Amino acid sequence: MDEFDLIDRLIAPLAVADGARGLTDDGAVLTPTPGMELALTKDLLTENVHFLADDPPGDVARKLLRTNLSDLAAMGARPLGYLLGLASDGRRDDVWFRAFVDGLADDQDRYGLSLLGGDTISTASGVLTLSLTAIGEIPAGQSLARSGARPGDHLAVSGTIGDGAFGLLVRRDVLSGLSDKSRAFLVRRYRLPEPRVALGAALLGRAHAALDVSDGLVADAGHMARRSGLAIEIDQAAVPLSSAAREVIDRDPSCWPAALTGGDDYELLIAFDPGRTGELRDMAAQSGTDLTIIGRCLAGRGIRILDADGLELQIDGSGWRHEG
């Protein structure tokens with residue numbers, strides 16, 4: 001399938017917004033709602049780094065979109081549209097691309113946004129590389145950032161931590177002996193993150209800082225601490241685990257560091273005034289997820305992980321590195 005056939009037959013129908021002009025021009029026009037400003041983010045996904053060659057193409061498409069929506073959620077932005085870049089390796093056929101586009105179409109409907117434009121190329125060699133720029137809108141001057149945390153803030157996380165990292169290990173046959181139910185759950189969490197878009201919007205005016213946990217909890221908490229100019233302590237025992245992740249750690253406690261430092265969680269890490277705890281938990285429940293307090297923000301510098309006795313754990317906090 002050549003570039004123009006791919007665009008005309010499969011990709012152009014995704015451009016449902018008026019400003020996309022049906023992909024008949026080289027660009028799109030987007031006007032934010034009065035009183036709103038635009039929020040933009042971009043992620044790249046590469047085969048064998050962010051997804052595996054035999055992952056279902058529809059899941060690859062959804063992950064591409066959802067990782068970007070997670071960044072918008074961390075800013076509190078409502079999704080509007082996206083730009084797609086696709087560098088094919090020349091090995092995908094029409095069936096693969098149809099399934100990929102179907103995945104995008106499903107998530108467009110689910111999250112309420114439209115393709116606005118982009119570009120495709122195809123080469124006879126190389127690695128499949130996907131690029132997506134997501135665009136959202138947010139009330140002017142209210143965007144959340146990782147730099148707003150304050151000493152005395154609670155630190156909380158949505159959902160559960162470690163599922164994505166363990167899911168990748170299952171896919172690579174590193175973890176064995178797990179129940180079929182746990183294996184399926186972890187693989188799904190690796191392939192299909194759940195961006196907390198509704199929760200992100202609810203945090204506006206209520207949280208001091210937020211970011212999405214994509215590089216690993218320890219590394220991303222370190223980003224917040226550094227940008228906010230303070231110290232963060234995390235209680236290991238408070239970190240929420242799914243039953244599947246708990247099964248992994250119960251079988252092998254040495255897997256704890258992978259849960260804390262592995263990437264692909266795409267949950268929200270949030271700093272807020274302790275007086276808002278009940279309010280934010282209610283907001284999280286209304287958005288369909290849990291909110292768990294895992295630590296605190298303090299005067300000082302750096303990040304510490306404490307065990308059940310309050311002793312500091314020595315964990316490499318470098319987090320996920322995008323290497324093949």
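Computed from a predicted model, the values in this text were never measured in an experiment.
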Looking at [atom1] of [X] and [atom2] of [Y], how far apart are the two atoms once the value is rounded to the nearest 0.5 Å?
X: L52; Y: L168; atom1: CG; atom2: CG; result: 6.0 Å
X: S114; Y: L104; atom1: OG; atom2: CG; result: 11.0 Å
X: R62; Y: E194; atom1: CZ; atom2: CD; result: 11.0 Å
X: T133; Y: D71; atom1: OG1; atom2: CG; result: 11.0 Å
X: F185; Y: E247; atom1: CZ; atom2: CD; result: 11.5 Å
X: L203; Y: L291; atom1: CG; atom2: CG; result: 8.0 Å

Hey, is the main chain of [Y] close enough, under 3.5 Å, to the side chain of [X] for a donor-acceptor pair?
X: D59; Y: P56; result: no
X: D235; Y: A237; result: no
X: E37; Y: G141; result: yes
X: K181; Y: A244; result: no
X: D215; Y: D220; result: no
X: D119; Y: G85; result: no
X: T67; Y: L64; result: yes
X: D89; Y: R91; result: yes

Note to self: Could you tell me if R146 and H223 have a donor-acceptor pair between their side chains, going purely by distance under 3.5 Å?
What the structure shows: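 No, R146 and H223 have no side-chain donor paired with an acceptor closer than 3.5 Å.
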Check the hydrophobic clustering (I, L, V, M, F, W, Y; side-chain heavy atoms under 4.5 Å; chains of links allowed) and say if [X] and [Y] are grouped together.
X: I161; Y: V187; value: yes
X: Y82; Y: V60; value: yes
X: Y266; Y: I294; value: no
X: L298; Y: L155; value: no
X: V197; Y: I138; value: no

Do any side-chain atoms of residues 305-313 form donor-acceptor pairs under 3.5 angstrom with protein atoms, and if so which ones, sequence neighbours left out?
| residue | atom | partner | partner atom | Å |
| --- | --- | --- | --- | --- |
| D307 | OD1 | D309 | N | 2.9 |
| D307 | OD1 | G310 | N | 3.1 |
| D307 | OD1 | L311 | N | 2.8 |

Locate the shortest heavy-atom distance separating [X] from [Y]; write the atom from each residue and the value.
X: A53; Y: N48; answer: N-OD1, 3.9 Å
X: R196; Y: S158; answer: CG-OG, 3.6 Å
X: L72; Y: P79; answer: CD1-CA, 4.1 Å
X: A271; Y: A149; answer: CB-CB, 3.7 Å
X: H50; Y: L45; answer: ND1-CA, 3.4 Å
X: P139; Y: L204; answer: CD-CD1, 3.9 Å

Next item on the list: For the pair F97 and L86, evaluate side chain to side chain contact (heavy atoms under 4.5 Å, CB included) and give the outcome as yes or no after the intermediate values.
Entry: CA-CA 11 Å; F97 282 113; L86 193 157; 3.9 Å; yes
Would you say [X] and [Y] make side-chain contact, with heavy atoms under 4.5 Å?
X: L38; Y: L30; value: yes
X: L241; Y: V248; value: no
X: L178; Y: F166; value: no
X: S228; Y: R150; value: no
X: L268; Y: T289; value: no
X: F51; Y: L128; value: yes

Next item on the list: Any chance you could lay out the side chain to side chain contact (heavy atoms under 4.5 Å, CB included) test for V239 and V157, step after step, and finish with the verdict?
Entry: CA-CA 8 Å; V239 174; V157 69; 5.8 Å; no
Next item on the list: Quick one: do H208 and R276 satisfy side chain to side chain contact (heavy atoms under 4.5 Å, CB included)? Show the steps, please.
Entry: CA-CA 11 Å; H208 292 152; R276 290 190 176 273; over 6 Å; no
Next item on the list: Identify, with sequence neighbours excluded, every residue that meets side-chain hydrogen bond (donor to acceptor under 3.5 Å, both in side chains) alongside T160.
Entry: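 Here the qualifying residues are D163, R189.
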Notebook entry, point to check: Does the pair I234 and L260 meet the rule for a side chain to side chain contact (heavy atoms under 4.5 Å, CB included), with working shown?
Noted result: CA-CA 10 Å; I234 292 176; L260 296 174; 5.7 Å; no
Next item on the list: Answer yes or no: does atom NZ of K42 have more than 12 heavy-atom neighbours from other residues, nucleotides or ligands under 6.0 Å?
Entry: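 It does: K42 NZ has more than 12 such atoms within range.
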Checklist line | R296 atom CZ, over 12 foreign heavy atoms within 6.0 Å | finding: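 More than 12 heavy atoms, drawn from other residues, nucleotides or ligands, come within 6.0 Å of this atom.
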Notebook entry, point to check: Thinking salt bridges, do R110 and D106 make one under a 4.0 Å N-O criterion?
Noted result: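 Looking at D106 together with R110, the answer is no, because their closest N to O distance does not fall below 4.0 Å.
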Margin query: If the threshold is 4.0 Å, N to carboxylate O, is there a salt bridge linking R171 and D54?
Written below: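 Looking at R171 and D54, the cut-off is met.
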